[in-house]
Amino acid sequence: MATPAPPPHPSAHSYTPEHTRAQPNLSSCHPRHAPDVRVFRPLGMRHTGFPAGADPRVHGPHHRAYTDIGGRTTDVTEWNMSDRWAVGNMISTTADLERFLVALFRGRVVPQPLLDQMFVVPDVEGASYGMALERFMHNGTEIWGKTGSRPGYHTVLAATRDLSRTVVYSVNAKSAREDGFPLIARFALPAFNR
């Protein structure tokens, strides 16, 4: 008999699509249809969606993505990420992401009890994740946000809980995981300096 895996750290990051966790009765809708009907359209996110099928092209506003493959800088803009579905397959603009962030923090995306849970971090040393959002402290300011990366891209959406300060960006990152914090320090944190 196999030994069961230990439970994840109470603050472990999960790639479970947050909208399916927050709205469990999505099972009656096709996974690609539910976010469009329940989130994108109601919020006016006109440049956000999932590619149809295996089409690797980005249709609409976007910037090019480059990463190192085999020691060479390679354009990876046209790379089908459908194997990751909501984790890396959604395409959006920074304007749409900010629209989503503001709507989420104002309670227009999920019911208030779920929104409240998103801003709760387990009382465990080193914990920084609530339900779908990560908490950062910078110069005494509490910041809540979400980062995302895929080959060639690094994206952040973050805000103070009261939305007095927000930042959303998507930049090229040859190594999105390794370049992550230097990019955050350069582009996001200055927005939260006092």
Open item on the list: Could you go through Gln117 and Val110, starting from their C-alpha distance and side-chain angles, then the distance that decides it, and tell me whether this counts as side chain to side chain contact (heavy atoms under 4.5 Å, CB included)?
Closed with: CA-CA 11 Å; Gln117 288 179 30; Val110 297; over 6 Å; no
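- Separation of atoms OG1 (Thr67) and CZ (Arg72) is listed at 13.5 Å; rounding is to 0.5 Å.
- A pairwise comparison of heavy atoms in Val76 and Ile69 identifies CG1-CD1, 3.9 Å as the closest pair.
- Although no hydrogens or angles enter the test, the distance criterion places no donor-acceptor pair under 3.5 Å between the side chain of Ser128 and the main chain of Arg135.
- To the nearest 0.5 Å, atom CG of residue Leu189 and atom CD1 of residue Ile143 are 6.0 Å apart.
- Here the side chain of Arg165 pairs a donor or acceptor atom with the backbone of Asn193 at under 3.5 angstrom.
- Side-chain N or O atoms of Tyr153 include none that pairs as donor or acceptor with a backbone N or O of Gly148 at under 3.5 Å.
- Of all the heavy atoms in Ala191 and Val167, the pair that sits closest is CB-CB, 4.1 Å.
- Of all heavy-atom pairs between Pro151 and Ala65, the closest is O-CB, 4.1 Å.
- Counting heavy atoms of neighbouring residues, nucleotides and ligands inside a 6.0 Å radius, atom CZ of Arg186 does not exceed 12 of them.
- Between the side chain of Ser164 and the main chain of Asp162, no donor-acceptor pair closer than 3.5 Å is present.
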Task: Criterion side chain to side chain contact (heavy atoms under 4.5 Å, CB included) on Met118 and Leu114, from CA distance to verdict - done: CA-CA 6 Å; Met118 294 176 86; Leu114 290 175; 5.6 Å; no
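- Between the OG1 atom in Thr73 and the CG atom in Asp75 there is a gap of 10.5 Å [rounded to 0.5 Å].
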Open item on the list: What verdict does the side chain to side chain contact (heavy atoms under 4.5 Å, CB included) test give for Leu43 and Thr48, after you've listed the backbone C-alpha separation in whole Å, the side-chain angles of each residue and the deciding distance to 0.1 Å?
Closed with: CA-CA 11 Å; Leu43 297 182; Thr48 300; over 6 Å; no
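- To the nearest 0.5 angstrom, Leu97 atom CG is 6.0 Å from Met45 atom CE.
- His63 places a side-chain N or O within 3.5 Å of a backbone atom of Ser170 that can act as its donor or acceptor partner.
- Checked by atom type and distance alone, the side chain of Arg161 pairs as donor or acceptor with a backbone atom of Phe105 at under 3.5 Å.
- Here the closest heavy-atom approach between residue Val121 and residue Gly130 is recorded as CG2-N, 4.0 Å.
- At a threshold of 4.5 Å between non-hydrogen side-chain atoms, the residues Glu98 and Leu157 do not count as touching.
- Expressed to the nearest 0.5 Å, how far CZ of Phe119 lies from CE of Met131 amounts to 10.0 Å.
- Taking OG1 from Thr160 and CZ from Phe192, the interatomic distance works out to 6.5 Å, rounded to the nearest 0.5 Å.
- Using a 4.5 Å cut-off between side-chain heavy atoms of Ile, Leu, Val, Met, Phe, Trp and Tyr, with links allowed through other members, Val120 and Leu133 fall into different hydrophobic clusters.
- Ion pairing of Arg46 with Asp96 is absent here, as no side-chain N (NZ or NE/NH1/NH2) approaches a carboxylate O to less than 4.0 Å.
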TODO: Kindly indicate, with the supporting measurements, whether the criterion side chain to side chain contact (heavy atoms under 4.5 Å, CB included) is fulfilled by His154 and Ile184.
DONE: CA-CA 9 Å; His154 178 80; Ile184 289 170; 3.9 Å; yes
